[in-house]
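Working notes for the structure below.
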Amino acid sequence: MVVALPEPTGADAIGVVDLHLVDPSRQDSYVPARARELMVSIWYPAADRTAMPVRPWISEPVAQAYAASLAEIGLSATGSWTLAPSHGRVDAAADSTGGRRPIVLFSPGMGLPREASTAQAEDLAGHGFVVVAMSHTYESRVTEFPGGRLEKSLLPQTADAGQVKAEAEKALQVRVADTRFVLDRLTDLSAGADPDADGHPLPANLAAILDLSKIAMFGHSLGGATAAQVMHDDRRVVAGVDLDGSLLGSVVTDGLDRPFVLIGSNDRERTQDPSWQQFWAADRGPKLEFRLAGSQHLSFCDNQLIVPALATASIVPADFAAKLVGTIDPRNSLDLQRGYLRAFFDTTLGRYADLATAPPALLHPEMILIP
């Protein structure tokens with residue numbers, strides 16, 4: 001069976017480029033003998049939707065690692081399945097007719113690759129945003145570099161809660177440094193330099209469409225905590241969204257003074273997550289909290305599309321799917337997340353004045369506002 005991504009809802013064609021970035025000034029915390037290196041994907045409005053080949057949703061080596069991760073949490077597969085391509089055209093020329101575009105950074109959940117939220121990234125690009133998604137090397141289960149080189153996770157496999165928290169705190173520091181490094185490279189790119197370590201040519205017009213004055217960030221799980229801490233540490237990021245991630249770092253006690261949104265799964269809100277409660281009390285900026293009824297923690301990434309499709313095809317048990325991604329209809333869940341992310345970034349990055357002018361479809365009973 002083939003699992004396909006839902007069509008993006010925007011009018012723009014979508015381009016995507018993968019960049020290999022190396023920070024020679026930073027020793028890798030996981031492999032001290034090496035300089036820190038990352039893979040990022042930049043999704044953007046493209047000038048042509050047919051001229052270039054489409055990017056895989058997830059490449060074969062990364063997909064194999066993803067399947068192995070499902071097996072470790074209880075998947076008992078009874079059939080074969082593959083993933084259809086994404087909707088992004090590799091290295092397509094950027095559409096410069098719309099001027100400079102706002103930028104949205106993305107950080108995935110702990111251990112997940114940047115491709116794990118392709119449905120959200122490409123939809124934002126189809127609505128005119130430039131989305132920069134990061135894989136955090138040696139923490140992500142596997143990161144694929146040019147030439148097929150694979151770097152696997154070096155996180156210890158442990159069930160000890162204290163050690164898990166310590167690894168998450170270490171990962172947060174690495175992720176914040178990764179993100180700030182990527183921000184610096186975007187500045188170089190906008191000035192006409194090619195930051196790719198292998199000299200991969202940049203798509204035509206990409207440098208011309210980056211609006212470095214309008215940068216926001218979102219993330220899932222530890223990626224959401226990363227978004228909050230990056231905003232705390234770097235004022236270049238003016239707004240952020242945490243998708244169902246407990247918060248870590250100094251942002252918990254210091255709060256923020258710029259717009260931030262918490263979106264929790266069915267079992268997470270301030271009364272159940274002390275880090276959210278503490279952050280909310282300290283936060284001085286505009287803030288909103290929502291709970292997505294019927295969702296689970298992995299409802300906020302592409303798992304919400306893949307796992308129910310496998311259950312429908314009887315490849316995995318239905319009760320396994322419900323435990324992983326909840327009971328909410330996956331397309332409805334994705335549509336809500338896409339809509340709320342887009343409305344928030346449209347608002348905070350200056351496309352319209354306030355949420356009151358957002359599309360009426362955003363008023364939905366399954367997205368519960370927590371006062």
Side-chain angles (χ1 to χ4, degrees), residues 5 8 10 14-19 21 38-45 55 57-58 62 86-88 101-137 139-141 143 171-172 174-183 185-186 189 210-212 214-231 234 236-245 259-263 297-305 334 337-346 348-349:
L5 282 162
I14 300 168
V16 59
V17 59
D18 295 318
L19 296 181
L21 304 180
L38 304 171
M39 288 300 298
V40 304
S41 293
I42 304 179
W43 300 82
Y44 54 89
R55 185 192 191 279
W57 179 353
I58 301 177
V62 179
S86 74
H87 298 93
R101 312 286 190 136
I103 298 167
V104 178
L105 303 166
F106 171 73
S107 181
M110 192 169 188
L112 293 175
R114 66 194 184 281
E115 294 93 342
S117 290
T118 295
Q120 294 166 337
E122 64 179 20
D123 192 70
L124 285 167
H127 285 274
F129 293 92
V130 175
V131 182
V132 183
M134 299 169 281
S135 286
H136 301 286
T137 317
E139 180 215 304
S140 175
R141 189 175 184 90
T143 305
L172 178 72
V174 174
R175 284 162 167 255
V176 170
D178 287 348
T179 307
R180 300 187 75 180
F181 167 69
V182 168
L183 282 168
R185 300 293 74 76
L186 290 176
L189 198 161
L210 300 180
D211 189 342
L212 297 175
K214 295 180 178 180
I215 302 175
M217 184 170 181
F218 77 107
H220 168 231
S221 193
L222 186 60
T226 304
Q229 190 62 43
V230 167
M231 280 187 66
D234 199 316
R236 287 177 290 184
V237 182
V238 302
V241 178
D242 173 7
L243 299 174
D244 206 46
F260 200 79
V261 172
L262 301 164
I263 302 180
H297 186 59
L298 291 177
S299 297
F300 296 92
C301 62
D302 290 347
N303 274 314
Q304 68 182 323
L305 304 170
L334 177 63
Q337 291 175 50
R338 283 173 162 181
Y340 275 75
L341 286 170
R342 188 169 67 251
F344 178 69
F345 294 137
D346 273 336
T348 54
L349 299 178

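All values below were derived from every heavy atom in this structure, side-chain atoms included, with hydrogens, water molecules and symmetry-related copies excluded. What you are looking at is a predicted structure, and each value in this text was computed from that prediction instead of being measured. Along the sequence shown, residues carry numbers from 1.
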Shortest non-hydrogen contact between [X] and [Y], atoms and distance:
X: Gly88; Y: Ser86; value: N-OG, 3.2 Å
X: Tyr44; Y: Val16; value: CE2-N, 3.4 Å
X: Ala171; Y: Met110; value: CB-CE, 4.3 Å
X: Val62; Y: Pro113; value: CG1-CG, 3.9 Å
X: Ser41; Y: Arg55; value: OG-NH2, 3.7 Å
X: Ile103; Y: Leu349; value: O-CD1, 4.2 Å

Determine whether [X] and [Y] make a side-chain contact, defined as any pair of heavy atoms from C-beta on separated by less than 4.5 Å.
X: Met134; Y: Val182; answer: yes
X: Tyr340; Y: Val241; answer: no
X: Leu183; Y: Leu105; answer: yes
X: Leu124; Y: Phe106; answer: no
X: Leu189; Y: Ile42; answer: yes

Handout entry: Member of Leu222, Thr143, Asp178 meeting the side chain to side chain contact (heavy atoms under 4.5 Å, CB included) criterion with His136
Key = Asp178
Practice task
Calculate, to the nearest 0.5 Å, the distance between atoms OG and CG belonging to Ser299 and Leu305 respectively.
Solution key: 10.0 Å
Practice task
Please step through side-chain contact (heavy atoms from CB on, under 4.5 Å) for the pair Ile215 and Val238, ending with a clear verdict.
Solution key: CA-CA 6 Å; Ile215 302 175; Val238 302; 5.8 Å; no
Ignoring hydrogens and geometry, is there a side-chain-to-backbone donor-acceptor pair from [X] to [Y] under 3.5 Å?
X: Arg175; Y: Pro108; answer: yes
X: Arg114; Y: Val132; answer: no
X: Glu115; Y: Asp302; answer: no

Problem - Derivation and outcome, side-chain contact (heavy atoms from CB on, under 4.5 Å), residues His220 and Gln120 - result: CA-CA 11 Å; His220 168 231; Gln120 294 166 337; 6.0 Å; no
Problem - Parallel, tilted or perpendicular: ring planes of Phe218 versus Phe345, cut at 30 and 60 degrees - result: tilted
Practice task
Please step through side-chain contact (heavy atoms from CB on, under 4.5 Å) for the pair Thr118 and Ile58, ending with a clear verdict.
Solution key: CA-CA 9 Å; Thr118 295; Ile58 301 177; 5.6 Å; no
Exercise for the section: In sequence, state the C-alpha distance, the side-chain angles, and the governing distance for Val104 and Trp43, and then conclude on side-chain contact (heavy atoms from CB on, under 4.5 Å). Expected result: CA-CA 10 Å; Val104 178; Trp43 300 82; over 6 Å; no
